[in-house]
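Hydrogens, waters and symmetry mates are skipped; everything else that's a heavy atom, side chains included, is used.
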Amino acid sequence: MAAIFPPAANLAAKLVLLSLAGLVLAGIGWWWLFPRTDYARHVDWTVDQPVPFSHQHHVGGLGIDCRFCHTTVEVAGNAGLPPTYTCMTCHSQIWTNAALLAPVRRSLAENVPIRWRRVTDLPDYVYFNHAIHVAKGVGCESCHGQVADMPLMRKARSMTMGFCLDCHRDPAPRLRPPEAIFDTQWHRTPDTPSPAALMAHYRVGGRNLTDCSICHR
Amino acid sequence: MTGPTRDDRGITRPRLGDPVALSTSNAAMTEHVSAVPFRSQPFARYWLAVAPFGALTAVLLGSILYLFYAGVGIWGIDWPVVWGFALINYVWWIAIASGGTFISALFYLTRSEWRNAINRIAETMTLFGAVCAGIYPILHLGRPWFFYWLFPYPNTMDLYPQFRSPLLWDFFAILTYVISSVLFWYFGLLPDLATMRDRATKRGWQIFYGALALGFRGSSTQWRHYHVTYGVLAAIMAPLVCSVHSIVGLDFAGAATPGWHSTQFPPFFIFGAFLSGFATVLLLVIALRRLLRLQDWMTGRHFDALCKLLLTSSLFVGYAYTMDGFSIFYGGEKAEIVNYTDRLFGYYAPIYWGAVLFNVIVPQLLWIRTIRVNQVLVTLISLGVIVGMWFERYTIVVGSLHRPHLPSAWGLYHGSLWDWLTLMGTVGLFVFGILLAIRIVPAMSMFEMRDTLEQQR
Amino acid sequence: MPSLKQWRGLDALARDPAFVARAEAEFPMLAKAMAAPTDRRGVLRLMAAGLALAGLTGCDAGAQDGILMPPVRPASGTVGTSGLFATAHMAQGYAEGVLLRHAAGRPIKVEGNTLHPASLGATDAIAQAEILGFYDPDRDITLRRGRTAQSWQDLVTALAAQRARAEQDRGAGLRLLTGRITSPTLARQIAELRAAYPEMRWHQWEPVTRDAVRAGALLAYGQPVQVQPRLDVADVIVAFDGDLLGSAPGHLRFARDFASRRNPTRTDRMSRVYAVEPAPTPMGLVADHRLIAGPRDLARFVPMLAGAVLRDETASDAPPWLAAMAADLKGARGRAFVHAGPELPAEAHALVHAMNEALGGRGATYRLTDPAEAEPVALADSLAALMADMQAGRVHTLIVLDSNPAYTAPGFADALTRVAFSLTMAMAPTETAGLTHWSVPQRHGFEDWSDGRAFDGTATILQPQAQPLYDAISPHTLLSLLRGPAPVGSRDAVRATWAAAWGESLDTRWHDSLAAGLVDDTAVPVSDVRLRDAAAQAIPPVPDGDTALLLRPDPHVWDGRWANNAWLQELPRATTKLVWDNPLLLSPAGARALGVRNGERVEVRRGDAHVVLPAWVVPGQAPDTVIATLGYGRRDVGEVGRDVGWNVYPLTGGGPVSLRKAEGHDALASTEHHDPIFCDAGEYVRHTDLAAFEADPHVLGHEPPLDSLYRTHPPGPAAWGMSVDLNACIGCNACVVACMAENNVPVVGKAQVLHQREMHWLRIDRYYEGAPDDPDIFLQPMLCQHCEQAPCEVVCPVEATLHDSEGLNVMVYNRCIGTRFCSNNCPYKVRRFNYFPYAQDEHRTALARNPEVTVRARGVMEKCTFCLQRIAAARIVADIENRPVGAEEVVTACQAACPTRVFSFGNMAEGGAVVEHKKSPLSYALLAEQNTHPRLTYEGVVRNRNKDVGA
Amino acid sequence: MRIVVGAFADKAAMQTALARLREAGFNAIETYTPSPPGEGHSPLPLVILVAGLVGAALGFWWQTHETGQAYPLDIGGRAHFSWPAYVPIAFEIGVLFAITAGVVGFFLINRMPQLWAPVDEAPALRRATSDRWCIAIHTEAPDQARHALWRFAALQVDEVPA
């Protein structure tokens with residue numbers, strides 16, 4: 001009547017226990033890390049639109065200012081998108097028969113809006129306001145990335161709550177001079193006013209920006 | 001010392017003055033106890049007993065799925081009584097579970113000799129009681145799929161739970177309590193698993209018990225560490241269960257609601273845990289003693305000891321009720337007095353007086369020695385206590401909530417069909433779990449029993 | 001599936017595929033708006049039956065239906081910001097000026113128009129709920145003849161035939177039935193029709209006729225005349241069953257003037273109000289002396305008082321208080337005002353006119369003007385004449401415009417069978433539209449051009465706020481089709497009317513009156529008619545029979561016109577707190593006599609009509625009076641109003657009334673979930689007498705401020721606080737509906753209210769004090785107190801509710817997991833829970849929501865946030881302009897809607913009205929001993945008692 | 001190297017045999033008994049204590065960090081550092097660490113899981129967990145050990161390779 005288990009059982013038992021412990025730790029690790037990966041946040045995912053509009057060409061190449069199309073960025077909560085009428089100001093003159101622009105022409109003809117798809121999106125319960133950010137020295141590039149060299153719009157930032165909180169806790173280093181707000185190529189140079197000077201200029205800091213009532217209601 | 005008196009069907013009736021163990025041979029005890037799991041039917045008509053409770057467990061599963069699908073609205077809770085059966089059952093189950101830990105940990109420290117026969121049943125009861133209690137904090141959430149926000153894991157929102165909330169203390173208390181109970185139960189089981197491994201004949205059982213025993217073979221070094229560690233673990237489990245049940249009490253005492261706002265809730269809940277724990281252990285001991293023929297080792301001595309403890313804890317609870325009334329009138333706050341008088345004479349008064357009757361008055365019968373060993377009466381008293389404790393939790397939760405400060409917000413509450421189905425479901429889960437456990441795990445701690453038998457000789 | 005039978009089963013129907021298919025056929029617009037989101041989510045929920053799947057639905061990003069911009073930029077303003085556009089809300093034919101706030105190009109909220117004389121910036125509950133009526137999916141009714149749908153061309157040809165017939169017999173067979181008309185354009189079009197067809201008759205009918213008021217004026221002055229009281233001037237006011245603060249035309253303005261004299265700290269001389277009435281009315285709730293008198297007693301008391309005031313007679317069987325009241329009136333000569341409600345007989349009105357003239361009030365406490373209606377006529381006689389013609393077969397063509405006589409007038413239905421061509425124009429399904437040959441959908445007031453005059457005659461031009469939601473036409477177009485072949489658009493009709501009045505300055509004045517929301521100097525002139533001496537000798541008839549049955553319109557559903565409005569159906573009535581039903585209201589003594597408890601059925605029999613409906617006990621109602629509420633029991637209405645309550649219109653008309661206890665019981669939903677409690681209300685609504693107040697101003701607010709263990713003061717740049725003046729609250733519920741409209745608060749339906757799960761963020765608590773038969777009644781608006789040491793925040797395990805640095809108790813809906821401990825720990829019980837996905841199951845399209853406020857999901861707690869969306873908008877504007885938020889810059893929805901300025905809210909860091917009101921000696925914090933340091937404080941009630949009067 | 005295993009009927013017999021074996025000079029002796037042979041000391045209580053204290057300290061620090069530095073929020077006007085509220089959770093985490101350390105420590109110190117040991121091959125050991133009290137002697141001269149055990153009334157003696 002030999003022993004119940006073979007000698008190899010020792011190693012097997014240790015392996016099983018270690019793998020169990022490893023599995024649990026891996027699970028916790030995945031649950032903690034995966035949501036903050038770029039993959040999970042769809043960062044750098046290009047969203048296909050009804051019309052492949054190229055910012056690189058229009059902003060980088062032609063130098064059109066953001067506010068030409070996104071008209072309400074300085075006065076309203078949403079930045080707004082251009083009505084088809086704005087596109088057709090030029091495209092009624094040039095590329096008038098391009099197959100690529102057929103949806104634009106059809107939209108104006110049939111008075112049916114173009115269904116653009118959102119790229120940098122926040123959940124519905126977050127009430128982001130463009131006007132106050134632009135007024136307080138936050139540039140478009142801070143959240144939308146280098147739009148000037150994006151052939152097709154892609155999501156540049158993770159847009160997690162942590163991303164917003166990092167800036168709301170310490171806005172100074174992320175501010176930029178008023179003239180550089182809409183310049184996506186801007187970066188800080190030695191003669192750029194110091195963060196403290198910018199904070200004073202924009203008079204930021206009178207309010208606790210990490211209150212929940214700032215973004216949620 | 002009178003020998004074991006068996007009546008015609010070989011069932012030993014508990015007698016006053018019984019020794020801790022009637023038959024004192026090690027081998028017979030080990031043979032009898034370890035044989036139970038190997039039999040396909042631990043007792044006659046075993047599967048017939050398991051079937052109804054299995055069905056109730058299925059009912060529980062069904063009502064949980066429907067709850068997640070339709071929302072908490074299917075229960076009877078409304079406004080202002082936003083807590084109902086979920087909290088009543090949660091406190092009721094955790095009290096039953098805590099009672100088990102008192103017996104297996106507290107009375108190990110006091111070296112009570114009658115403890116070794118019933119501590120395995122008590123710990124198994126703790127396990128399944130904690131499971132039944134543990135599901136309720138998640139079920140009663142409005143959005144149960146976000147329960148993990150209670151855990152302080154570093155998330156993308158940079159948000160952590162709010163540590164001043166009694167509910168969060170509750171989350172950690174239950175988490176710790178379930179893990180500790182499982183570890184303490186498993187740790188106490190190691191030597192018996194080794195025995196089962198060695199006595200198993202079929203290869204399947206050998207591998208199963210062998211794997212679980214993790215190579216315990218009773219060597220002196222193993223025993224040396226085991227004995228010390230078990231003692232220290234028991235020494236930690238006793239204050240742990242007191243803290244867990246105090247925190248459950250703080251769930252209510254931490255609020256400013258009239259009726260909850262009193263500092264005596266933590267000890268009051270621990271008295272409640274004593275009472276419902278001993279009552280449930282008594283019920284299980286009476287049942288399993290008869291079904292698994294363990295009369296030789298669960299004798300009148302155990303009945304006597306447990307009934308005395310039941311009596312003392314019911315006196316504790318009685319004291320707590322009077323202190324409840326006294327502190328409210330002594331405090332003199334108008335809303336509290338209105339709430340309390342309504343509890344005594346209002347809509348839910350019968351439930352309050354039912355609680356007082358079953359928890360305090362009926363157990364006084366146990367002063368009479370002969371009743372303490374009369375199995376039928378002890379069963380009835382224990383059942384009464386269990387139902388009485390449920391009534392008490394009903395008055396604490398619903399009785400206080402339906403009379404808030406402002407009369408404009410007064411309202412009533414009635415349990416809905418789904419409340420009762422979930423409650424019956426958890427009772428089914430509890431008994432179904434215990435019936436399965438005695439099928440796998442020896443119902444009595446053999447190695448501790450050997451010490452007791454040795455002292456008995 | 002849970003028994004969500006809130007809308008008579010709509011919810012279960014909405015998910016049932018057969019219903020969606022049928023909806024497509026019958027209501028194309030509704031199916032599209034309702035089916036898409038519910039269907040997808042409905043399928044997801046069915047699929048997500050398991051625990052795991054329930055988790056997944058929680059985190060899907062939700063179908064993104066993309067960003068849509070109008071192809072051509074809209075002319076007015078940017079799409080992003082919200083603008084205010086003026087129009088008017090038509091109630092009983094009179095206009096109340098309102099401004100509509102727009103978001104993303106569509107109207108979402110009704111606000112008062114400060115310039116309009118009938119509004120002064122306030123609105124009532126019905127005006128606030130009108131936005132839900134505008135988006136009501138049941139308005140999508142098709143133009144049909146009998147059961148078959150028709151095209152507009154069919155209507156034009158059918159009307160052409162009727163026009164030809166009318167031209168031959170000079171309109172002998174043509175009858176036009178409308179509601180009360182004040183619209184100058186409709187008046188002009190009807191006058192042109194009468195000119196063209198002299199034999200045509202124009203009848204007007206409103207179930208709440210107010211004929212007694214007109215008859216009283218005829219008796220007193222020989223011609224119909226309108227009384228416009230100035231309650232801010234009157235020192236002593238006597239109201240016999242008065243509805244000045246309730247539903248009389250112009251009640252908002254009267255309430256504002258009335259309240260200005262009720263708070264002793266804000267007026268140098270507090271007014272004294274006597275209310276003599278059979279049942280609690282808004283005037284009675286705030287009166288200093290509320291004296292109970294049934295209709296028989298009123299008919300005796302008015303001549304007694306007249307005798308005492310006019311001829312110093314003292315009647316033998318006068319009640320104890322009458323002499324003191326007469327003395328008080330005579331003592332305040334030139335500053336006294338007596339008012340008689342519309343239900344009193346004409347002779348009583350004549351006597352009241354005589355008293356007012358004798359007391360020298362004319363020109364001081366009230367003005368007499370010509371009536372504002374286009375053609376003031378006795379409505380009951382007008383309808384009787386029409387029905388007589390119909391029975392006699394003299395009517396060939398009947399046009400019913402914006403009236404529902406088949407439901408409100410017994411006997412009209414069978415009279416209708418004798419009419420060859422009958423047509424009804426209505427905004428939503430009505431009983432009359434069901435019976436007439438033609439049913440023509442009418443455009444809603446917010447999507448069409450029209451005009452109307454307020455109670456004092458001031459005209460308002462109604463401009464459309466949005467493109468018409470459903471396929472419908474305007475009443476002006478219909479009348480133009482009767483006049484000529486070419487349909488005239490509503491805008492052209494209205495411009496034609498005002499072009500005649502303004503001549504060449506049409507465009508400028510048109511634009512100015514649209515912007516201001518009123519046409520200046522169009523008020524009716526003061527009339528200089530003299531009182532006839534017959535008025536003083538009038539003897540009001542004393543009704544016989546021991547029990548008097550009063551048929552009163554419901555304060556919110558009115559005569560049944562708004563039965564399909566969910567907000568109004570679920571609005572707790574001021575005293576009974578009933579929702580969704582109209583039981584028979586009995587006095588405690590009456591109920592004891594019948595041996596009836598709340599909800600037990602009673603059979604009311606008058607003549608051959610009998611109705612069986614449950615009873616409800618109302619403390620403070622006259623013992624011999626029984627009140628049945630009109631406006632319920634409608635069959636042919638939208639999905640919301642069908643089969644709600646019991647139709648008591650058959651009981652109209654004379655004849656003795658008999659009551660009998662019937663067997664059976666009905667479950668009646670009330671937001672007061674227990675029998676009325678007669679406790680010492682003083683602890684919650686602190687009240688005292690003017691004499692005690694003058695002796696010691698701090699008699700009410702006498703607690704010293706509690707010191708605190710913790711750092712108490714939130715350090716933010718603003719400090720939001722509110723003060724509620726309990727002297728001014730008349731229980732009109734406008735604030736409750738305004739809060740529901742502004743914050744997307746869902747309606748839960750009768751079944752869930754019976755289950756005690758209503759969702760109102762703001763409730764008006766009503767406390768009784770004294771004996772059940774004649775209690776003192778106190779009202780207290782109860783909303784989140786925004787405590788600085790909030791008990792709810794300490795117990796939330798996930799920080800879903802916490803304090804921001806500006807003193808607001810913030811509720812973060814997306815963080816809440818629904819443990820509900822916060823509701824347990826709130827001593828004020830102001831938190832509400834979404835037991836079911838109420839917002840999603842509501843009978844309402846997503847268009848009708850306020851986009852600035854999160855729509856809460858199932859399992860989330862919600863509460864008043866002091867209109868955080870308005871605070872955030874003001875904060876952003878102020879931050880951009882680098883200045884602190886002004887003291888009065890933010891106005892909460894309840895504060896804006898309240899006619900009597902009960903709520904004053906603001907940034908206390910910058911001073912403003914809130915700081916003054918909080919310093920008032922009457923100011924106190926509710927349940928202060930809970931040490932919660934609430935940011936909302938109340939001003940206690942002061943009653944100006946007359947020591948000679950007993951009660 | 002051989003292992004000689006002797007099984008005795010009860011505890012007393014085993015203990016007398018042990019004493020005499022030690023007198024006879026055998027030292028590498030291990031006993032296998034169905035219940036704890038006697039008291040003994042072990043470092044595990046110290047491990048448990050340390051683990052408990054570390055757990056409690058970690059719990060307390062973690063809560064202080066999260067409410068104080070990570071995301072300071074104004075909860076009901078209470079102070080950011082509300083230490084009385086941290087005590088229950090700190091205690092719970094301490095207990096959790098202690099009990100886990102105790103059980104895991106026991107397995108580590110006994111180098112379990114050791115499902116097989118050379119001594120398992122002896123058939124006598126199969127009853128060591130039920131009613132036999134066994135003594136195992138590691139010796140180079142197995143027959144001397146075998147004779148000694150027989151002499152001290154062992155019921156059954158087996159020999160297995162080490």
Side-chain angles (χ1 to χ4, degrees), chain B residues 64-66 68-83 137 140-147 149-150 157 159-171 251-252 254-258 260 333-335 338 400-402 404-413 416, chain C residues 1-2 45 48-51 54-59 672-674 677 679 683-684 752 755-758 763 765-767 780 782 791 793-799 802 815-821 823-829 831-837 857-861 926-927 929-930:
Chain B
I64 288 178
L65 289 185
Y66 183 60
F68 287 142
Y69 168 66
V72 183
I74 62 173
W75 284 348
I77 42 181
D78 48 44
W79 176 89
V81 186
V82 288
W83 278 359
H140 99 294
L141 292 182
R143 299 201 291 175
W145 48 85
F146 286 137
F147 76 95
W149 282 350
L150 291 172
M157 299 180 281
L159 273 177
Y160 295 103
Q162 208 270 106
F163 289 102
R164 296 172 195 78
S165 162
L167 284 190
L168 198 68
W169 307 342
D170 223 26
F171 172 78
D251 267 0
F252 302 101
T257 322
W260 292 356
E333 193 187 331
K334 179 169 179 300
V338 164
S400 308
L401 282 180
H402 87 291
H405 284 283
L406 298 184
S408 63
W410 290 358
L412 292 181
Y413 164 82
S416 77
Chain C
M1 195 45 216
R45 277 168 64 137
L51 171 67
L56 287 186
T57 50
C59 64
E672 187 179 52
H673 310 305
H674 47 74
I677 293 147
C679 64
E683 200 188 323
Y684 314 112
Q752 292 294 307
H755 211 322
Q756 293 176 198
R757 290 172 174 171
E758 67 278 2
R763 63 177 194 265
D765 285 348
R766 179 258 304 122
Y767 290 101
Q780 179 174 40
M782 179 48 62
E793 294 169 3
V794 179
V795 292
C796 174
V798 283
E799 287 151 350
L802 62 164
R815 177 68 173 169
C816 172
I817 59 173
T819 61
R820 308 185 294 283
F821 200 160
S823 172
N824 287 338
N825 214 17
C826 171
Y828 309 97
K829 284 290 176 277
R831 292 176 155 268
R832 303 290 186 167
F833 188 67
N834 285 283
Y835 284 105
F836 287 115
R858 161 190 129 193
V860 172
M861 189 66 76
L926 182 60
L927 298 178
E929 74 281 359
Q930 293 295 318

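Taking chain C as the reference chain and counting heavy-atom pairs below 4.5 Å, the highest number among P166(B), S416(B), S400(B), A335(B) is found for P166(B). Comparing R164(B), K334(B), Q162(B), H402(B) by how many heavy-atom pairs each has under 4.5 Å with chain C, the most go to Q162(B). Your options are G71(B), P407(B), A256(B), and the one with the most heavy-atom pairs under 4.5 Å with chain C is P407(B). Among the candidates R815(C), H674(C), E683(C), the residue making the largest number of heavy-atom pairs closer than 4.5 Å to chain B is R815(C). Counting heavy-atom pairs closer than 4.5 Å to chain C, the top residue among W83(B), Y413(B), W410(B) is W83(B). Interface remark: of the candidates V860(C), V798(C), V795(C), V795(C) forms the most heavy-atom pairs closer than 4.5 Å to chain B. Counting heavy-atom pairs under 4.5 Å between each of V81(B), L141(B), L168(B), V72(B) and chain C puts L141(B) at the top.
Side-chain contact check for H673(C) and E758(C): at least one donor-acceptor pair (N or O, by modelled atom type) lies under 3.5 Å.
The backbone N or O of H140(B) sits less than 3.5 Å from a side-chain atom of R820(C), completing a donor-acceptor pair. Of the possible donor and acceptor atoms, none in the side chain of Q752(C) sits under 3.5 Å from a partner among the backbone N and O of R757(C).
Using a 4.5 Å heavy-atom cutoff, the side chains of V82(B) and N824(C) are in contact. Annotation: side chain of T819(C) is not in contact with side chain of L150(B) (no heavy-atom distance under 4.5 Å).
Looking at Y684(C), the atoms closer than 4.5 Å to chain B (heavy atoms on both sides) all sit in the side chain, from C-beta outward. Only the side chain of L927(C) comes within contact range of chain B, with heavy atoms under 4.5 Å apart. Contact annotation for W260(B): only side-chain heavy atoms (C-beta onward) come within less than 4.5 Å of a heavy atom of chain C. Only the side chain of P404(B) comes within contact range of chain C, with at least one heavy atom under 4.5 Å from a heavy atom of that chain. With a threshold of 4.5 angstrom between heavy atoms, E672(C) does not approach chain B through any atom at all. Neither the backbone nor the side chain of F171(B) comes within less than 4.5 Å of any heavy atom of chain C. Contact of L802(C) with chain B is not made at all, since no heavy-atom distance falls under 4.5 Å. Heavy-atom distances place the side chain of R763(C), and not its backbone, under 4.5 Å from chain B. Contact annotation for M861(C): neither backbone nor side-chain heavy atoms come within less than 4.5 Å of a heavy atom of chain B. Interface residue D251(B): only backbone heavy atoms are found under 4.5 Å from chain C.
You'll find the ring centres of Y835(C) and W75(B) outside the 6.0 Å limit.
Considering all non-hydrogen atoms of both residues, F821(C) and A255(B) come closest at CE2-CB, 3.4 Å. Shown here for L159(B) and E799(C), the closest heavy-atom pair between the two residues is CD2-OE1, 3.7 Å.
The ring-ring contact (aromatic ring centres under 6.0 Å, His included) with W149(B) is formed by just one residue from the set F147(B), F146(B), W145(B); it is F146(B).
A distance of 12.0 Å separates NZ in K829(C) from CE in M782(C), rounded to the nearest 0.5 Å. Rounded to the nearest 0.5 angstrom, I74(B) CD1 and F836(C) CZ are separated by 7.0 Å.
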